[in-house]
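Numbered from 1 within each chain, the chains take letters A, B, ... in sequence-line order.
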Amino acid sequence: MLANEEVIDGRSERGGYPVLRMPLRQWMFRITAYAERLLSDLDLVDWPDSTRTMQAEWIGRSEGAEIDFEVPGFGILRVFTTRPDTLFGATYMVVAPEHPLVKAAIEGGGAGAAAVRDYAAASANRSDVDRQADTKQKTGVDTGLRAVNPATGEAIPVWTADYVLMGYGTGAIMAVPAHDERDFEFARAFGLPVRQVVEIAGVAFDGTAATSGHGVACNSGGPGLSIEGLDTTRAKVAVIEWLMKTGRGARRVNYKLRDWLFSRQRYWGEPFPIVYDESGRHYPVSERALPVLLPELADYKPIESDVPVPPLGKATAWVSTTAGEAGVDPAILPPGTPVRRETNTMPGWAGSCWYYLRYCDPANGSRMLSNEAERYWLQSQRKDGGMHAGGVDLYVGGAEHAVLHLLYARFWHKVLFDLGHVGTPEPFGKLFHQGMLTAYAYQREDGSLVAVDQVEERHGAHHERGGGPVTQVIAKMSKSLRNVINPDDVIAEYGADTFRLYEMSMGPLEASKPWNTRDIAGVHRFLQRVWRLAVDERTGGLLLARQADPAVERLLHRTVHKVTGDIDRLAFNTAIASMIELVNAATRPQEMKDPADGGLTHEQLERFVRLLAPFAPHAAEELWAKLGGSGFVVHAPWPIADPAMLVDDEVEIAVQVMGKVRARIMVPTKADAAQVESIALGHPDVLPHLAGKSPRKVIVVPGRMVNLVL
RNA sequence: GCCGGUGUGGCGGAACUGGCAGACGCGACGGAUUCAAAAUCCGUUUCCCCCUAAAGGAGUGCAGGUUCGAUUCCUGUCACCGGCACCA
């Protein structure tokens with residue numbers, strides 16, 4: 001059994017075997033029952049807009065109506081439409097090739113029955129992927145059946161075409177070619193009538209293209225109903241009211257979201273706690289007997305047979321058992337009843353949908369997690385004082401999980417919430433997507449890529465070994481380009497602290513960034529500088545400043561402030577930059593004879609090491625121990641910056657004349673606008689640009705700049 | 001096609017609310033130290049003009065706009081990345 005993406009041109013991707021479609025009985029989750037809540041509760045979480053939008057589009061809510069059309073020779077054909085107001089423009093119908101009406105048409109044996117049968121058979125053998133691939137050319141056949149348009153009373157043809165999908169709505173549509181691009185293309189391809197029923201302001205209808213959008217109904221009067229002249233919103237309401245009154249339809253909301261297929265035909269997965277009796281009825285395994293464990297199998301390769309059998313089918317003794325042995329409640333089924341176990345297994349989602357809950361209470365033998373553990377780990381206040389709607393405070397994960405894992409986990413969490421097992425409606429309060437690390441690769445002039453080990457650098461330019469010049473480009477890491485980085489190698493050469501620090505310093509956490517091995521030296525040198533700042537490399541003893549340098553002390557407070565704020569906003573790269581600045585400023589010059597004349601004091605080092613700990617934990621703990629700190633530095637309180645140390649007595653500000661910087665002046669921090677203005681106006685570098693005139697306007701931004709407008 | 005994101009030195013990036021563009025790192029160049037090299041330390045490093053410096057000019061994908069002032073806001077446009085793609 002294959003997944004859709006493993007089928008290429010109707011054959012298996014591996015081996016090229018022919019692929020057969022076959023309906024199977026499988027376990028599904030009714031996630032569609034939660035569609036509305038999964039959509040509306042997106043308002044409760046602090047997630048990236050792009051991800052919330054993707055989920056909303058995936059759920060795909062649309063409002064409209066269900067309309068019943070009478071089809072003599074078949075019965076009632078029900079369609080879903082978002083534009084009930086265009087009912088008068090429905091000049092034909094289309095059903096999906098899998099629709100029951102198609103079978104009825106074939107069995108009816110009309111003139112075109114053979115063509116209908118061939119078309120339906122051809123569609124069945126094409127995968128959905130293929131059917132959606134060629135959207136340019138519409139195909140279809142007339143079923144020969146006729147439907148009655150309830151608004152006009154006209155008999156209109158019913159076609160079948162694969163542009164209508166069985167899996168959405170009712171698998172049938174009323175086609176309004178004048179106002180739907182897809183229907184228009186189909187009508188044009190098969191010469192079906194087009195009738196305008198909406199006038200859109202500023203968009204003329206000339207019969208060469210569909211016009212869609214909000215407008216006013218026209219050509220929309222019939223024996224029982226007229227919506228002539230109503231705007232689209234009112235026309236929809238009027239049609240729906242008429243449909244309800246006459247028993248022909250109703251308001252209806254539809255979702256693109258489908259139910260969730262949860263069966264897999266693999267060995268490695270949780271078995272379903274389900275058994276079947278001899279007549280094929282299914283029964284649950286009782287809670288007491290859970291979990292159902294996988295039986296040991298010497299060989300879990302697939303089974304060859306005409307009817308698909310999952311690998312668990314090989315465990316014959318396990319599969320064929322009794323109700324009592326399998327753990328079915330005797331009240332449901334007598335213990336001696338022979339039963340067969342379900343042989344499908346669950347997909348990986350069965351674990352990924354709730355692991356974050358179990359992590360909070362992993363040793364609990366009686367419950368998934370206790371209320372106390374949930375309260376401690378998963379129920380917290382947001383910064384604005386409100387409660388997080390979702391348990392996990394901050395969930396960092398790739399954007400590739402935007403619609404699958406993150407939607408499925410929300411669904412499970414809501415089910416658990418409804419059953420009273422968790423106290424929040426959402427699993428993840430704040431979501432952050434980290435970027436993907438990419439790598440450099442090289443490109444020939446024709447655009448083809450070259451593996452990195454085939455490229456050498458000459459005079460600052462890159463050349464293919466034995467070939468022409470190549471340009472450096474950014475690509476995904478891949479085996480074929482030989483630009484994959486193995487963390488173990490980097491750690492072996494530079495250590496885990498350097499590796500961690502490098503990844504944190506590369507750039508914004510959310511951005512995709514290229515790995516550049518050459519740059520690792522920079523953060524490695526920083527760690528070495530930190531070490532030498534505190535430790536005499538020859539003796540291993542501490543190197544401490546006799547007394548704190550006031551400028552360094554100020555900078556340390558600034559660094560504490562900066563790093564604290566940067567960690568809050570996950571800007572680790574700039575936090576590291578500020579620590580580098582501090583260490584550079586505190587580093588003793590080479591010519592300094594007595595180490596006690598420079599560097600940091602014992603107390604200053606203690607503060608700095610606490611800042612460093614989250615970034616380079618091993619080095620920080622080592623330094624902490626050398627400094628004689630108690631316990632581990634990770635448990636030490638976070639340093640606090642003194643706000644008074646964050647402001648200087650004087651600041652340098654720029655003086656602009658007509659928006660161009662002409663001078664930089666030092667002014668007292670507390671100086672008012674008038675003082676700053678007079679200092680600026682008297683500056684020798686400014687005077688020539690004023691050309692003797694006095695400024696028409698002076699803008700002073702305290703602590704930042706002055707702009708003189710002539 | 002539709003939706004979203006990103007474009008800043010040779011390279012990775014910084015500039016948090018419209019206020020000094022290029023923090024920090026890499027690389028490169030120059031110097032100190034060394035018998036020498038590695039390591040280390042110091043300095044220079046957006047581009048143009050210029051022997052150099054001073055001074056000047058240009059500059060955040062491109063073209064406009066708003067503003068005293070735009071990497072930041074608005075309009076248009078190009079490129080790249082991601083998602084969706086007959087959902088009636």
### Query
Hey, does A:P514 reach any base, or is it just sugar-phosphate, or nothing, if we go heavy atoms under 4.0 Å?
sugar-phosphate

### Task
Please measure how far the P atom in B:A39 lies from the corresponding atom in B:C49, and state the result in whole Å.
35 Å

### Query
What does A:S505 touch in the nucleic acid at a heavy-atom separation under 4.0 angstrom: a base, only the sugar-phosphate, or nothing?
nothing

### Message
I want to confirm an ordering. Mapping A:I474 and A:N254 to their closest nucleotides on RNA chain B, which one lands closer to the 5' end?
### Response
A:I474

### Task
Could you tell me whether A:M506 contacts a base, only the sugar-phosphate backbone, or nothing, with contacts defined as non-hydrogen atoms closer than 4.0 Å?
sugar-phosphate

### Message
Any side-chain to backbone donor/acceptor pair from A:T82 onto A:E63? Under 3.5 Å, distance only.
### Response
no

### Message
It should be established whether A:N573 places a side-chain nitrogen or oxygen under 4.0 Å from OP1 or OP2 of nucleotide B:A14.
### Response
yes

### Message
Once you apply a heavy-atom cut-off of 4.0 Å, does A:E652 come out as touching a base, just sugar-phosphate, or nothing?
### Response
base

### Query
Out of B:C24, B:C86, B:C68, which nucleotide sits closest to the side chain of A:N584?
B:C24

### Query
Closest nucleotide of RNA chain B for A:R704 versus for A:A172: which of these residues is on the 5' side?
A:R704

### Task
With heavy atoms under 4.0 Å as the rule, sort A:R588 into base, sugar-phosphate or nothing.
nothing

### Query
What is the nucleic acid contact for A:D183, judged by heavy atoms within less than 4.0 Å: base, sugar-phosphate only, or nothing?
nothing

### Message
Just to be sure I understand the rule, does A:R529 reach a base, reach only the sugar-phosphate, or reach nothing, if contact means heavy atoms closer than 4.0 Å?
### Response
sugar-phosphate

### Query
Which part of the nucleic acid, if any, lies within reach of A:Y440 when heavy atoms closer than 4.0 Å are counted: base, sugar-phosphate only, or nothing?
sugar-phosphate

### Summary
Per the O4'-C1'-N9-C4 / O4'-C1'-N1-C2 angle with a 90° window around 0, B:G13 comes out anti

### Message
Nearest whole Å is fine: how far is B:C84 P from A:R52 CZ?
### Response
19 Å

### Query
Contact class for A:H179 vs. all strands (heavy atom < 4.0 Å): base, sugar-phosphate, or nothing?
nothing

### Message
For the residue pair A:K138 and A:F186, would you count it as a cation-pi contact if the rule is NZ or CZ under 6.0 angstrom from the ring centre and within 45 degrees of the ring axis?
### Response
no

### Message
Taking only the P atom of each, what is the distance from B:G18 to B:C51 in whole angstrom?
### Response
44 Å

### Message
Nearest to the side chain of A:R525, heavy atoms from C-beta on, is which of B:A88, B:G19, B:U40?
### Response
B:U40

### Query
Between the side-chain atoms of A:Q590 and the base atoms of B:U40, is any donor-acceptor pair under 3.5 Å?
yes

### Task
Identify which nucleotide among B:G19, B:C86, B:A32 has an atom closest to any side-chain atom of A:N707, counting heavy atoms from C-beta outward.
B:G19

### Query
When we call it a touch if two heavy atoms are under 4.0 Å apart, what does A:K660 touch: a base, just sugar-phosphate, or nothing?
sugar-phosphate

#### Entry: A:M705 side-chain proximity, nearest of B:G19, B:A88, B:C16
B:G19

### Task
Using the C1' atom on both, measure B:A21 against B:G59 and round to a whole Å.
9 Å

### Task
Using a heavy-atom cut-off of under 4.0 Å over every strand shown, decide if A:R696 touches base, sugar-phosphate, or nothing.
nothing

### Summary
Any strand, both distances under 3.5 Å, Watson-Crick or G-U wobble: B:U66 pairs with none

### Task
May I ask you to check whether A:W47 and A:F432 place their ring centers less than 6.0 Å from one another?
no

### Message
Quick check on A:W58: does its CH2 atom have over 12 non-hydrogen neighbours (other residues, nucleotides or ligands) under 6.0 Å away?
### Response
no

### Query
Whom does B:U34 pair with, Watson-Crick or G-U wobble, provided both distances fall under 3.5 Å?
none

### Task
Write down the distance separating the P atoms in B:A53 and B:C16, rounded off to the nearest Å.
32 Å

### Task
Report yes if at least one side-chain N or O of A:Y168 is closer than 4.0 Å to OP1 or OP2 of B:A88; otherwise report no.
yes

### Rounded interatomic separation in angstrom, taking NE2 from A:H433 and C1' from B:G83
11 Å

### Message
Can you tell me the base-pairing partner of B:G27? Count Watson-Crick or G-U wobble geometry only, both distances below 3.5 Å, and say none if there is no partner.
### Response
B:U45

### Query
Base, sugar-phosphate alone, or nothing: which one does A:R61 contact when heavy atoms must sit under 4.0 Å apart?
nothing

### Query
What is the nucleic acid contact for A:S62, judged by heavy atoms within less than 4.0 Å: base, sugar-phosphate only, or nothing?
sugar-phosphate

### Task
Measure from the ring center of A:Y92 to the ring center of A:W159 and say whether it is less than 6.0 Å.
no

#### Entry: Base paired to B:A55 (Watson-Crick or G-U; both N/O distances under 3.5 angstrom)
none

### Query
Of the candidate nucleotides B:A14, B:G13, B:C26, which contains the atom at the shortest distance from the side chain of A:T574?
B:A14

### Task
Hunt down the Watson-Crick or G-U wobble partner of B:G4, both distances under 3.5 Å, from any strand shown, or write none.
B:C81

### Message
Would you measure the distance from the C1' atom in B:C48 across to the matching atom in B:G9 and give it in whole Å?
### Response
14 Å

### Query
In whole Å, what separates the C1' atom of B:G13 from that of B:U60?
13 Å

### Separation of atom CE in A:M658 from atom P in B:C68, rounded to whole Å
10 Å

#### Entry: Sugar-phosphate only, base, or nothing, as touched by A:I580 at under 4.0 Å among non-hydrogen atoms
sugar-phosphate

